[in-house]
Amino acid sequence: MHVVIIGNGISGITTARHIRKLSDHQITVISSESEYFFSRTALMYIYMGHMKFEHTQPYENWFWEKNKIDLVFDRVTDLNTDNQSLSLTSGETISYNKLVLALGSTPRPLPTKGAELSGVQPMYSKQDLELLEDTKNIKQAVIIGGGLIGIELAEMLHSRGVHVTLAVRESQYWDIVLPPEEAKMVGDHILSRGIDLRLGTAVESINGSDKVESVTLGTGENIDCQFVGATIGVVANIGLIKNTSIETNRGILVDEHLQTNLPNIYAIGDCAEIKEPNTGRRAVEAVWYTGRIMGESLAQTICDKPTPYNPGIWFNSAKFVDLEYQTYGDVPAKIEGELTSIFWNELEPERSLRIVYEKDLMKVRGFNVLGLRLRHELCDEWIKTGKTMDFVLNHLEELNFDPEFYKKFASQVKSQFEALV
Amino acid sequence: MNRLGTILVVIGFGIFLAIPFLTEHNVSDSFITKEYNSEERAKLASSAYTSILNQDITTWKLLATTDEAIALVNKSVIDTYGFSGEDIIRLENLAHNNSLNAQSIEALWGKGNFKVEAFKNYGSWLFDREFSSDEELESNIKQVTNNIAQYEVIPKKGIDKYAAKSLKYSISKHSITGLLQNNAVLFLLLTFGLTAIGGLLMLQVFMDEKPGIKNNGIFFHPAKARKWLGIIIGTLLISFYILLYFFPEYMGGWIRIVDPISYKLNGSEAGQFFLYGFMYTTSMLVMGARMMAKYRHNKYQLIRTGSVMFFQTIFAFLIPEILVRLNQPYFDFKNAWPLDYDFFFDFELQKLIAGGNLGMFMLVWGIAFSLIGVPIFTYFYGKRWYCSWVCGCGGLAETIGDPFRQLSDKSLRAWKIERYMIYSVLVFAVVMTVGVLYTYFTGASELLGINTFSMRQVYGAFIGAGFSGVVGTGFYPLMGNRVWCRFGCPLAAYMGIVQKIKSRFRITTNGGQCISCGNCSTYCEMGIDVRSYAQRGENIVRASCVGCGVCAAVCPRGVLKLENDSPTNRVNTTNFVRR
């Protein structure tokens with residue numbers, strides 16, 4: 001059996017590796033972005049000089065041949081689902097028995113006037129990084145969008161001495177995800193690191209004749225800049241299958257076994273939209289580990305061990321310049337209804353902990369931390385088994401995943417909570 | 001501040017590099033007599049020195065002249081005590097008459113004569129032998145007389161290569177005159193002083209930034225990314241180590257400027273290893289301060305760096321020097337066999353045994369520390385308690401070496417080579433130690449047909465000097481800062497086995513949070529592909545991990561934590577990642 005995987009990101013590559021572990025199927029992975037699998041999350045570190053491209057490759061180049069995973073560095077131009085084949089730019093045709101679409105995301109296009117000017121770009125792919133590297137002599141940059149890529153791009157440019165203005169439409173940083181206290185802390189942190197964060201700021205237009213020269217803000221203010229970062233989010237990359245009978249909505253619609261409406265065709269990772277997501281999970285989740293879990297599950301299914309996709313309890317993490325963020329379980333931006341939370345924070349060093357729990361039963365539902373680290377396994381278990389706040393606060397030290405000798409926080413949190421009730 | 005610091009470092013280091021060229025020597029007749037330690041040899045040597053006597057000359061000129069002088073001495077002693085062409089003919093004649101034996105040569109030159117006694121020792125196998133041809137006879141006799149010249153005449157009457165080495169060093173060091181001789185303290189300040197102050201001022205660069213990970217631009221940096229400056233620094237370091245171990249006679253000027261410190265500490269003049277210890281310690285202190293500034297947000301790094309700075313300064317540098325001042329054996333209490341490979345050498349054992357109660361304590365301490373303390377501590381804390389908290393080599397790597405940690409090779413091939421090499425060195429160290437102890441207790445010079453003295457000489461030159469020094473440190477800017485610790489250190493190998501088999505230490509992977517970014521692997525100085533474990537949700541239990549904690553520090557997602565915990569289920573894999 002020939003399994004063809006389009007996309008060599010974490011989802012596609014995990015599928016390929018696990019199919020190889022489970023079977024002797026012929027495996028082909030096609031990518032037009034890079035010859036070998038690399039970690040997209042690490043692209044920023046190449047620009048900042050923390051790493052070289054080769055460091056972002058989790059497997060050495062000999063790995064693929066040794067494991068009989070054929071890599072094709074080319075773009076798929078056409079997909080024919082009737083005779084189960086696809087064509088490449090090179091003219092070659094590849095037929096498959098099973099097809100895995102791991103197409104990833106694509107940056108959401110900037111609707112702003114002047115977005116087509118040279119010097120305006122997103123930051124998503126290896127090619128985006130190369131383009132950014134070619135953009136020399138940037139003194140000032142404006143980045144549009146208050147998500148995770150926006151702050152990463154801001155940090156990248158700032159590391160090379162560029163003056164960065166980060167224009168965020170919302171009134172608090174990433175406030176669709178972060179509760180107000182955390183959003184405020186992150187915003188303050190970004191400012192303290194020398195990035196000119198403008199909250200509640202829309203960009204009216206990008207100006208310049210050929211190259212970008214300035215942007216005009218909603219307030220009427222003009223900011224001179226030689227670069228504009230377009231980081232207003234990503235959308236599922238589904239251009240390839242537009243003319244096929246594969247059903248899509250925001251992404252490629254899949255069932256619990258990650259299968260599309262067509263037999264033998266599956267979709268995973270950022271481009272997949274789960275028709276009936278588990279409670280607490282969204283239909284499209286463009287995060288690293290969901291891609292990995294989908295790949296692991298799909299490999300089982302393809303190798304005749306049908307395994308539904310089950311990502312478990314939500315978790316995620318990020319780093320805003322120097323401030324680390326972890327979240328586990330249910331921590332909505334607006335905590336209301338049956339939920340309430342206790343929030344503890346400290347300014348020096350900047351750190352905070354929020355525990356979300358059910359008002360009536362006092363059962364823990366989620367954790368949010370900034371500037372400190374929690375033990376994933378325990379958070380997951382406590383949320384899953386519905387541990388009470390009493391238990392959580394008495395065992396809080398066990399959750400601590402900070403390096404040795406770091407200042408402890410459990411007793412402070414506990415006394416704050418006790419003062420509260 | 002940073003610019004001023006850089007300027008001071010360049011000036012201080014520039015003056016340091018200029019010192020061998022600024023060093024002037026002046027030798028007098030009486031000085032030569034004293035250094036050659038015998039009227040006879042001094043007289044033979046003096047003709048070489050006549051043209052430079054009482055003149056200010058360079059080190060090169062002095063040493064070239066000394067080479068000539070030594071050659072003159074040796075030629076002359078061979079003429080006097082060796083066998084001349086005529087002597088050889090006489091021996092051949094004796095053999096022709098079938099009367100080459102002890103009596104006949106005693107009759108020729110007299111009983112008790114140097115030549116006679118030497119020939120009896122080296123040539124008795126020729127006595128009363130038949131030779132099939134004249135050629136065979138001549139070649140056999142010449143073989144004996146040549147051996148006598150090389151192994152008997154020159155070592156006993158002349159100056160052999162070991163004596164020549166120390167004579168050249170002594171002449172060079174003790175004949176320094178002029179600028180350096182009179183201004184040692186000034187030069188000390190101009191070199192070490194300026195470089196240290198400059199180095200500390202350069203820390204401003206980190207202090208200007210907010211606390212946090214400071215790896216910006218590392219792979220664009222000329223020194224930190226194996227670019228031109230890295231190659232220059234590597235070349236200088238390698239050259240320095242070659243001079244230190246093999247040509248200390250050229251280092252007189254450098255050693256001279258640390259004399260004042262040596263007198264203060266141990267009451268006598270400095271030698272090349274005092275200079276080395278002083279440089280080692282001062283650089284570690286300055287670069288340790290740098291490490292602390294860089295990681296000031298991370299308490300594990302602060303305490304750990306403070307610890308290696310403390311153990312180097314107090315235990316490795318000051319205490320041994322003070323012990324010498326108090327007429328006690330030189331001893332580094334924190335050094336453990338087999339890194340301290342000469343601990344069981346006869347002269348070391350004799351030194352400690354002769355050292356009274358304190359000496360005996362040192363002997364017992366050293367043995368207990370190495371054989372009991374090391375595995376017990378490693379069981380509780382992993383080898384990090386030594387490698388990145390106490391050890392001098394590790395301390396150097398963690399401070400001066402920190403700018404180069406990202407250069408270690410992470411490939412599977414490198415890991416394979418590492419295992420072959422480090423365990424071979426461990427086996428070599430153990431076999432050599434068993435050998436020298438066997439010789440010490442039985443007096444037999446060979447164990448299983450191998451000469452134990454040459455075994456320890458080979459170890460000392462190739463592992464002790466060549467590997468740990470020249471390659472181990474010289475290659476920092478080319479292969480990362482733990483070249484010795486990773487590929488060569490027998491103590492690291494020994495503790496690594498304990499750490500791998502039975503220890504409470506591990507690096508815990510935090511569930512499914514890893515995003516495979518590769519920061520951990522990139523900054524692992526031991527070349528461990530940390531990511532390959534973390535992305536599988538698997539804890540990291542590796543023999544080579546020295547527990548520096550930098551992987552956990554640079555991880556942007558809070559995935560890694562160094563921990564001591566129950567040894568069961570150490571390589572635990574969480575159910576967030578299917579393997």
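Proteins come first, then strands; the chains are lettered A, B, ... in the order of their sequence lines, and each starts at number 1.
Listed here is the closest heavy atom pair of A:His376 and B:Asn510: N-OD1, 2.7 Å. Residue A:Thr41 comes nearest to B:Ile515 through the heavy atom pair OG1-O, 3.1 Å, listed as atom of the first residue, atom of the second, then distance. Heavy atoms only, all atoms of each residue included: A:Phe315 and B:Gly512 are closest at CE1-O, 3.4 Å.
Both the backbone and the side chain of B:Arg557 come within less than 4.5 Å of a heavy atom of chain A. Heavy atoms closer than 4.5 Å to chain A are found nowhere in B:Ala225, neither backbone nor side chain. Residue A:Ile46 touches chain B through its backbone alone, counting heavy-atom pairs closer than 4.5 Å. Both the backbone and the side chain of B:Leu412 come within contact range of chain A, with heavy atoms under 4.5 Å apart. For a residue to count as touching a neighbouring chain, one of its non-hydrogen atoms must lie under 4.5 Å from one of that chain's; by this rule A:Asp402 touches chain B with the backbone only. Using a 4.5 Å cut-off between heavy atoms, B:His297 contacts chain A through both its backbone and its side chain. Heavy atoms closer than 4.5 Å to chain B are found in the backbone of A:Asn400, but not in its side chain. Heavy atoms of B:Ser532 lying under 4.5 Å from chain A are absent altogether. Contacts of A:Phe401 with chain B are made by both backbone and side-chain atoms, with heavy-atom separations under 4.5 Å. Residue A:Leu374 touches chain B through its backbone alone, counting heavy-atom pairs closer than 4.5 Å. Contact of A:Thr307 with chain B is made through the side chain alone, with heavy-atom distances under 4.5 Å. Only the side chain of A:Arg193 comes within contact range of chain B, with at least one heavy atom under 4.5 Å from a heavy atom of that chain. Contact annotation for A:Tyr325: neither backbone nor side-chain heavy atoms come within less than 4.5 Å of a heavy atom of chain B. Contacts of A:Gln57 with chain B are made by backbone atoms alone, with heavy-atom separations under 4.5 Å and no side-chain atom involved.
If you tally non-hydrogen atom pairs under 4.5 Å between each of A:Pro349, A:Ala299, A:Gly295, A:Ala318 and chain B, the highest count goes to A:Ala318. For the set B:Thr508, B:Leu302, B:Asp529, the entry with the most heavy-atom pairs within less than 4.5 Å of chain A is B:Thr508. By number of non-hydrogen pairs under 4.5 angstrom with chain B, the leading residue of A:Ser39, A:Pro58, A:Pro403 is A:Pro58. Of the residues considered (B:Asn519, B:Ile218, B:Ile213), B:Asn519 shows the highest number of contacts with chain A, using heavy-atom pairs under 4.5 Å. Between chain B and the residues A:Met48, A:His50, A:Lys407, the largest count of heavy-atom pairs under 4.5 Å involves A:His50.
Residue pairs meeting the salt bridge (charged side-chain N to carboxylate O under 4.0 Å, His left out) criterion with at least one member in residues 53-64 of chain A: none, sequence neighbours excluded.
Contacts of A:Glu324 classified as side-chain contact (heavy atoms from CB on, under 4.5 Å), with partners at least two apart in sequence or in another chain: A:Lys319, A:Arg373. For the side-chain contact (heavy atoms from CB on, under 4.5 Å) test, residues two or more places apart in sequence or in another chain that qualify with A:Ile383 are A:Ile313, A:Tyr328, A:Phe367.
Side-chain atoms of A:His55 never come within 3.5 Å of backbone atoms of B:Thr522 as a donor-acceptor pair (strictly under, hydrogens ignored). Looking at A:Asp322, its side chain never comes within 3.5 Å of a backbone N or O of B:Gly212 through a donor-acceptor pair.
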(request) Verify side-chain contact (heavy atoms from CB on, under 4.5 Å) between B:Phe576 and A:Glu377, making sure each step is shown before the conclusion. (result) CA-CA 8 Å; B:Phe576 299 97; A:Glu377 217 175 344; 4.0 Å; yes
- Task: In sequence, state the C-alpha distance, the side-chain angles, and the governing distance for A:Glu296 and B:Val577, and then conclude on side-chain contact (heavy atoms from CB on, under 4.5 Å).
- Result: CA-CA 8 Å; A:Glu296 291 164 358; B:Val577 188; 3.3 Å; yes
Show, in sequence, the C-alpha distance, side-chain angles and deciding distance for A:Glu404 and B:Ile303, and conclude whether the side-chain contact (heavy atoms from CB on, under 4.5 Å) test is met.
CA-CA 10 Å; A:Glu404 292 153 302; B:Ile303 299 177; over 6 Å; no
Worksheet item: Could you walk me through whether B:Asn298 and A:Tyr406 pass the side-chain contact (heavy atoms from CB on, under 4.5 Å) check?
Response: CA-CA 8 Å; B:Asn298 188 316; A:Tyr406 270 41; 3.3 Å; yes
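More than 12 non-hydrogen atoms from other residues, nucleotides or ligands lie less than 6.0 angstrom from NZ of B:Lys214. Other residues, nucleotides and ligands contribute over 12 non-hydrogen atoms within 6.0 Å of the OH atom of B:Tyr379. Shown here is A:Glu65, whose CD atom has no more than 12 heavy atoms of other residues, nucleotides or ligands within 6.0 Å.
Here the CE atom belonging to A:Met51 is positioned 7.0 Å from the OH atom belonging to B:Tyr523, to the nearest 0.5 angstrom. Between A:Tyr47 atom OH and B:Asn216 atom CG the span is 11.0 Å, to the nearest 0.5 Å. B:Phe219 contributes atom CZ, which lies 14.0 Å from atom OH of A:Tyr45 (distance to the nearest 0.5 angstrom). Atoms CD1 and CD, on A:Ile10 and B:Gln535 in that order, are 7.0 Å from each other to the nearest 0.5 Å.
Residues B:Val559 and A:Gln326 fail the side-chain proximity criterion, which asks for heavy atoms closer than 4.5 Å. Looking at heavy atoms from C-beta onward, A:Phe405 lies out of side-chain contact with B:Arg304 at the 4.5 angstrom threshold.
Just one of B:Cys514, B:Ser516, B:Cys517 meets the side-chain contact (heavy atoms from CB on, under 4.5 Å) condition when paired with A:Trp288; it is B:Ser516.
When the heavy atoms of residues 153-163 of chain A are compared with those of chain B, the residues falling under 4.5 Å are A:Ser159, A:Arg160, listed by number.
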